[in-house]
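Input: a single structure, listed below in structure tokens.
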2 protein chains.
Amino acid sequence: MISIAHIDKTSAPRVQDARSLHSRDHCSTCSLHSLCLPTGLCESEMNRLDKIIGRRRKVLKDEALYRMDDPFTTLYAVRLGHFKTHQVTPAGDEQITGFHMAGELLGMDAISTDRHHCYAVALEDSEVCEIPFAQLEQLFAEMPTLLRHFHRLMSQEITRDQNTMLLLGNMRAEQRFAAFLVNLSSRYKVRGYSPTSFQLRMSREDIGNYLGLTIESISRLLARFKKQALLKVSNREIELLDLPMLKQLAMQGNTAH
Amino acid sequence: MISIAHIDKTSAPRVQDARSLHSRDHCSTCSLHSLCLPTGLCESEMNRLDKIIGRRRKVLKDEALYRMDDPFTTLYAVRLGHFKTHQVTPAGDEQITGFHMAGELLGMDAISTDRHHCYAVALEDSEVCEIPFAQLEQLFAEMPTLLRHFHRLMSQEITRDQNTMLLLGNMRAEQRFAAFLVNLSSRYKVRGYSPTSFQLRMSREDIGNYLGLTIESISRLLARFKKQALLKVSNREIELLDLPMLKQLAMQGNTAH
DNA sequence: CGATGTCTTGAAGTGGTTCAAGTCACGTGG
DNA sequence: CCACGTGACTTGAACCACTTCAAGACATCG
């Protein structure tokens, strides 16, 4: 485990120098490049993309990567750690719109208005690659593969959000939570982690907020699933014991409406 | 009123000829070009975009413009009429993900997988412009303004969906329905129609499905709003009598969670 | 070793659903 | 033109899934 919890803020310029000199990783050597923006690029194209990626930035747990209404200049690729994005209404209600893990792009919702439409907050000490959008746009003109993949990523974000709408509009509590777990599972799987054994990076409250349920409901659902031997849970450590059954539950029809 | 309800299907090729010869409208003369894809383009750019727009297509009420899992080749701009988009789960549950009116782009969710992710069905006899995506991509390389606006439209779709997530995850029935009405109102307003007096193009059932409520709830909410003199309603004809109050209701905080 | 925040569990309450009858609007055919 | 049928909507009453409220257990950390 590498600790990135304590950063000497007084030495920021020096650290940046160090990064540009040697410690900076490249898209081509990044283990996430098959999920992230560089997907499908050749070596030389990846290097060009590399050049515009300003710097990596560390974001401590509970720190905001950006805030709602901040002016938009750059996209972020999660390199390490986890984030949540959430909106806040004028009345102060919060809605978490997504949880984001390594290889995912943050900030695409800001393109339409040049201002961020939500908050992005680190769920643990995390790290992102900054991708200045204006420079990325320049590359688009010359790298159709990059552009095409960027469109795929935006489109993916749309379908993801629409799936969540389906979850919130149509599913019962049990289905929602099962779908949530199955979703996490498959995302860890494509990243090479165990699809059945992982840590919940977010609080019960975050889960409840995301799923349109209360924290108590989440707690009860966990207890119920545990009793049904669908999973083991200890604090935020989860082991899915019956993934097929959870998938079944997640797909199950809804008698309502 | 122009009736497009009866189309002689046997004469399809002849009709297409006729279109390409004279009856075809152009982006530059279209009243929607400030909302739609050509936004911000100069005359000559608009003409180039015009050239790739294959044809206009009529879609009768309740007909599908495309179906879930159809292969994706073209985007559609709504030219006339209204559409709904909805997903269907394996279990047969439906979730309407949006209602779409003139000037809006349909099909962007299909880019990520090259297959449509939802159904698009006309709520009344309607008309769309077909925009072959492969050709559009070619234009992107040469028309940065077009590309930029396309990104704005995709980003807009993301923020729209996220707003709906907030609605479904956080709001009470009354707020949801008020927000729905206010949303329609403002969309008609930017199109130059009355923001207070319009027809609901969708059934109560569609509204309920979209808002995650039952048809009975919608009916009761309409009755309540009517009693509170917030609106008049007769069948699908709506008149909003107190738009400020409806906005107030839509923004109101939620005690839940 | 308290103090604080996170989570669990139980009991009571309720907003919206479900179920069941209507009513209304509209098209169709006699 | 009316009778009829059908689909869309309304309204009432009973119900229930999830919330709310409340109390306590547990984990983490200065």
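Protein chains get the first letters and strands the later ones, always in sequence-line order, with residue 1 at the start of each.
- In this structure, Thr214(A) reaches the dT19(D) phosphate: one of its side-chain N or O atoms is under 4.0 Å from OP1 or OP2.
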Protein proximity profile, nucleotides 22-30 of chain D - base contact B, sugar-phosphate-only contact S, no contact -, cut-off 4.0 Å on heavy atoms: -----S---
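- Here the shortest heavy-atom pairing between Leu200(B) and Leu184(B) reads CD2-CD1, 3.8 Å.
- Regarding Asp62(B), its CG atom lies at a distance of 13 Å from the P atom of dG7(D), rounded to whole Å.
- Put simply, CG on Leu221(A) is 13 Å from C1' on dT8(C), counting in whole angstrom units.
- Below the 3.5 angstrom threshold, one finds a donor paired with an acceptor across the side chain of Arg220(B) and the base of dG12(D).
- Rounded to whole Å, the distance from CE on Met202(B) to P on dC9(D) is 11 Å.
- Rounded to whole Å, the distance from CG on Asp206(B) to P on dG7(D) is 16 Å.
- A donor and an acceptor atom never sit less than 3.5 Å apart when one is taken from the side chain of Arg224(B) and the other from the base of dT11(D).
- Listed nucleotides: dC18(D), dA11(C), dA8(D). Nearest to the side chain of Arg236(B): dA8(D).
- Atom CZ of Arg67(A) sits in a sparse spot, with 12 or fewer heavy atoms from other residues, nucleotides or ligands closer than 6.0 Å.
- Minimum atom distance to the side chain of Leu222(A) is reached by dT8(C), of the listed dT17(C), dC9(D), dT8(C).
- In this structure, Glu124(B) places its CD atom where more than 12 heavy-atom neighbours from other residues, nucleotides or ligands lie under 6.0 Å away.
- Protein atom CG of Leu200(B) is 15 Å distant from nucleotide atom P of dA8(D), rounded to whole Å.
- Aromatic rings from Tyr193(A) and Phe198(A) are positioned such that their centres are separated by 6.0 Å or more.
- Heavy atoms of Ser203(A) sit under 4.0 angstrom from primed sugar atoms or phosphate atoms, though from no base atom.
- Taking atom NZ of residue Lys61(A) and atom C1' of nucleotide dT6(C), one finds them 11 Å apart after rounding to whole Å.
- Closest heavy-atom contact between Leu75(B) and Gly107(B): CD2-C, 3.6 Å.
- Note on Arg204(B): a side-chain N or O is less than 4.0 Å away from OP1 or OP2 of dT10(D).
- Contact detail for Ala173(B) and Leu221(B): the closest heavy-atom pair is O-CD1, 3.7 Å.
- Side-chain proximity of Ala223(B) to dT11(D), dA11(C), dT8(C): nearest is dT11(D).
- An OP1 or OP2 oxygen of dT19(D) is reached within less than 4.0 angstrom by a side-chain nitrogen or oxygen of Ser217(A).
- Atom CD of Glu130(A) sits in a crowded spot, with more than 12 heavy atoms from other residues, nucleotides or ligands closer than 6.0 Å.
- Aromatic pair Phe72(B)/Tyr66(B): ring centres not closer than 6.0 Å.
- The distance between atom CD of Glu237(B) and atom P of dC9(D), rounded to the nearest whole Å, is 14 Å.
- Rounded to whole Å, atom P of dT17(C) lies 13 Å from atom CZ of Phe177(B).
- If you check dC7(C), dA13(D), dG16(C) against the side chain of Ile215(A), the one that comes closest is dC7(C).
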